[in-house]
Chemist: 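Quick one: the structure is below, questions incoming.
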Amino acid sequence: MSAKYIFVTGGVVSSLGKGLAAASIGCLLETRGLRVNMQKFDPYLNVDPGTMSPFQHGEVFVTDDGAETDLDLGHYERYTHSKLTRENNWTTGRIYEQIITKERRGDYLGKTVQVIPHVTNEIKGAMKRAAVDVDVVIIEIGGTVGDIESLPFIEAIRQMRQELGRDNTVFVHLTLVPYIAAAGELKTKPTQHSVKELLSIGIQPDILLCRTDRFLSKDIKGKIALFCNVEEEAVITAKDVASIYEVPIGFHHEGVDRLVLKYLRIDAKEPDLSKWQDIVHRVYNPKDEVTIGIVGKYVEYEDSYKSLKEALVHGALAHNLKLNVQWIEAEGLETKDESYYEQLRHVDGILVPGGFGKRGIAGMLNGIRFAREQKVPYFGICLGMQTASIEFARDVCGLEDANSSEFDPATPHRVIYKLRELRGVEELGGTMRLGAWACKLEPGSLAARAYGQAEISERHRHRYEFNQEYREQMAASGLKFTGTTPDGTYIEIVELDPSEHPYFLGCQFHPEFKSKPLEPHPLFKAFVGAAYEYRKQRHQTKEHEEESIFLRPERVGN
Ligand code: GLN
């Protein structure tokens with residue numbers, strides 16, 4: 001059987017959760033025993049999101065093969081087992097890059113190169129290459145229908161239906177059904193307009209996922225079905241949920257997977273959702289809570305740390321805990337404003353995530369010093385490992401003004417410097433150490449104990465590295481180098497000894513990209529576990545202190 005396709009488009013407004021919807025459909029099909037692949041097409045002209053600001057684009061998700069991709073691929077990996085590579089995320093920019101290369105090579109043999117058929121053929125080619133060794137390919141089209149930029153992609157999926165037929169393609173359209181308080185009603189008009197827009201480009205959706213804050217009544221479903229020309233059972237309530245891990249279960253209750261299989265004429269077993277139900281049960285029934293402070297510079301825009309936040313949630317769920325995140329603006333820790341330090345004093349663990357550029361670094365260093373001296377569990381990721389090394393060099397080894405040459409090219413102590421393999425490379429696009437690299441762990445270290453294995457593979461995205469000229473001196477002062485590439489070229493993990501600090505670990509890679517709700521990442525599990533131990537101990541000490549105040553003689557009796 002050759003693979004069949006599900007195309008997911010979105011209408012009315014962005015941010016309705018198209019990526020999550022696509023990932024949840026993938027998840028449901030996998031639990032029914034099907035093999036799925038997932039692919040996203042983004043209409044913008046950047047070749048990839050690698051050079052875009054986190055404020056513009058949110059997180060850049062890195063795959064094993066080193067592609068810098070859209071954050072929806074993170075959802076795909078968290079909900080399914082599809083093996084994602086650079087083939088799974090295409091932008092208009094990359095499609096055109098290919099076409100222009102071919103044109104310059106003379107591949108078009110004198111023809112006029114046009115959107116139809118050349119651009120659409122290139123798009124369809126990418127879609128078909130994703131259909132190898134799987135039963136179903138789920139393809140998400142970025143943006144909302146009606147955007148000029150997304151037209152070639154919509155046209156390409158229209159042609160796919162034309163070529164492959166009704167039984168091999170399903171169109172799923174995500175739309176909004178808002179509740180208007182003044183009228184006390186759910187409104188279907190935006191959905192009708194959005195479907196009309198799709199119809200005008202030749203696509204009749206098969207399934208409508210209606211994002212809403214309440215269940216759609218039979219009447220409303222009937223009305224949408226009538227106006228939009230879909231079966232009534234194909235009008236799905238996609239209700240807001242407290243946890244994103246409920247979405248597959250909600251979709252299943254609404255019959256999404258059954259409908260998709262019906263339209264694609266696939267026979268599959270009933271899904272086994274017990275593992276997802278267990279996750280949702282944990283979300284609603286935590287035994288306690290834990291608060292992690294994230295000291296970063298994009299904190300007002302949470303999408304910049306999407307996978308990180310999810311990985312922390314997974315780590316907390318693994319201990320049956322509710323996660324609270326305290327976002328702490330790094331630049332605030334550079335000021336004399338005590339309220340930022342107050343935030344630090346109330347968290348159970350401190351995390352400095354990845355980032356680029358000089359802004360906020362001094363604040364991060366203050367946050368790390370606080371974690372190290374006050375013995376608060378610390379987890380540094382990429383930039384958070386580099387800044388932890390700088391803080392240690394300055395405050396423990398006395399290397400005044402130690403820094404990364406990224407932030408101070410004239411620093412007397414370049415503890416972090418430009419990757420040796422990148423010297424002389426000035427171009428920004430795709431010029432980093434990217435993707436999966438092996439790392440050897442020192443037996444008995446925090447990392448080795450967390451992973452339970454001697455060699456690991458993790459994903460990277462950085463331009464600077466730890467300068468090994470400082471290794472001996474810093475090791476003599478107590479910084480442990482517990483993870484390196486197998487050939488010893490790069491330092492991957494630094495730690496403090498557990499006799500010095502309850503939990504202090506920095507890694508040059510991004511473990512958050514590989515964490516899944518059903519497979520929490522060992523380092524997040526270990527860090528959240530240490531934070532929870534610290535919390536319990538802190539609360540005990542506090543209780544103890546309160547108790548001893550109460551027991552003071554002057555307070556006893558009248
Ligand atoms: N800016 C640092 C570097 O390029 C850290 C990168 C990151 O945190 N992803 O090495």
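Heads up: numbering here begins at 1 and tracks the sequence. Note: hydrogens, waters and symmetry copies are ignored here, and every other heavy atom, side chains too, is used. Just follow the structure's listing: the first ligand is 1, and inside any ligand the first atom is 1.
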Chemist: If the condition is side chain to side chain contact (heavy atoms under 4.5 Å, CB included), which residues does V13 pass it with, not counting sequence neighbours?
Modeler: L16, L176

Chemist: Given R86, which of D64, D70, D48, D65 fulfils the salt bridge (Lys or Arg N to Asp or Glu O under 4.0 Å) condition?
Modeler: D65

Chemist: How would you list, by chain and number, every residue that makes a side chain to side chain donor-acceptor pair (under 3.5 Å) with T291, sequence neighbours excluded?
Modeler: N324

Chemist: If you count only heavy atoms, which residues are under 4.0 Å from ligand 1?
Modeler: G354, G355, F356, C382, L383, Q386, E406, R461, H462, R463, Y464, H510

Chemist: Check the angle between the aromatic planes of Y245 and W276 and answer parallel, tilted or perpendicular using the 30° and 60° thresholds.
Modeler: tilted

Chemist: Can you pull out every ring pair (Phe, Tyr, Trp, His ring centres under 6.0 Å) where at least one residue sits in residues 357-397? Sequence neighbours excluded, please.
Modeler: Y378-F504, F379-F524, F379-F527

Chemist: So, applying salt bridge (Lys or Arg N to Asp or Glu O under 4.0 Å) with R433, which one of E421, E465, E492 is it?
Modeler: E492

